[in-house]
Amino acid sequence: MVETQPISFPNWKAALRAAGLTPGVADGFEREIITFLRACKQRHAAVTVRWIKVYLAGLEGPAADGAREALRWFVRAARRAPAGPAPSGGTPRPLAPSRRLAVPLPAQADLRR
């Protein structure tokens with residue numbers, strides 16, 4: 001996975017509940033992931049490995065450790081998750097390359113281009 005490739009994982013909550021983590025760990029991961037996703041939304045930034053690294057660099061202490069573990073789980077689980085259901089309900093299909101390229105980079109959005 002390229003660091004700048006957007007990560008799409010709409011069913012992450014269901015995957016987290018099915019991951020077999022203890023309830024306390026799962027709840028902590030959920031809080032950390034929601035906080036990160038909220039930060040992405042506020043900054044109009046796509047969820048990418050590069051943005052996760054920038055986000056984690058701004059955290060300190062135990063908060064950074066918890067967020068790092070939660071987001072590490074998120075990325076690994078997203079890589080294992082199917083790309084999405086096929087229109088016929090059959091085998092999942094990957095996103096078309098044109099859809100992946102259609103996501104504007106944060107700098108482009110700031111310049112209104």
Side-chain angles (χ1 to χ4, degrees):
M1 179 179 281
V2 178
E3 282 191 356
T4 57
Q5 181 180 354
I7 299 169
S8 177
F9 192 17
N11 299 323
W12 68 268
K13 281 187 182 182
L16 181 60
R17 294 295 169 213
L21 301 170
T22 63
V25 171
D27 291 343
F29 278 18
E30 183 174 340
R31 279 191 305 278
E32 295 292 349
I33 293 166
I34 288 172
T35 301
F36 169 72
L37 294 175
R38 187 174 295 128
C40 289
K41 185 176 180 177
Q42 290 171 344
R43 290 165 180 80
H44 303 286
V47 176
T48 64
V49 171
R50 178 177 285 170
W51 177 239
I52 289 171
K53 288 179 179 181
V54 169
Y55 174 80
L56 290 172
L59 300 178
E60 297 178 4
D65 295 338
R68 182 173 291 108
E69 289 302 314
L71 294 174
R72 183 175 290 141
W73 174 87
F74 181 86
V75 170
R76 287 179 179 164
R79 288 177 179 165
R80 290 188 305 266
S88 64
T91 307
R93 59 180 169 75
L95 290 176
S98 61
R99 288 210 38 200
R100 280 187 258 159
L101 298 176
V103 176
L105 296 173
Q108 288 174 324
D110 291 343
L111 297 173
R112 305 278 189 247
R113 293 183 185 171

Seminar exercise, completed: When rounded to the nearest 0.5 Å, the distance separating CD1 of Ile7 from CZ of Arg79 is 7.0 Å
Exercise. How about Ile34 and Lys13: do any of their side-chain heavy atoms sit closer than 4.5 Å?
Worked result: yes
Problem set entry | Interatomic distance, Thr48 atom OG1 to Tyr55 atom OH [nearest 0.5 angstrom] | 14.0 Å
For this session: State, yes or no, whether a side-chain contact exists between Glu30 and Arg17 at a heavy-atom distance under 4.5 Å.
Result: yes
Exercise. Out of curiosity, Asp65 CG to Leu56 CG, how far, rounded to the nearest 0.5 Å?
Worked result: 10.0 Å
For this session: Start with the C-alpha distance between Leu71 and Ile33, add both sets of side-chain angles, then the distance that settles side-chain contact (heavy atoms from CB on, under 4.5 Å), and finish with yes or no.
Result: CA-CA 6 Å; Leu71 294 174; Ile33 293 166; 4.3 Å; yes
Exercise. Can you name the nearest heavy-atom pair linking Ala67 to Glu32, along with the distance?
Worked result: CB-OE1, 3.4 Å
Exercise. Do Phe74 and Phe29 come close enough that some side-chain heavy atom pair is under 4.5 Å?
Worked result: no
Exercise. Can you find a pair of side-chain heavy atoms, one from Val47 and one from Phe9, that are under 4.5 Å apart?
Worked result: no
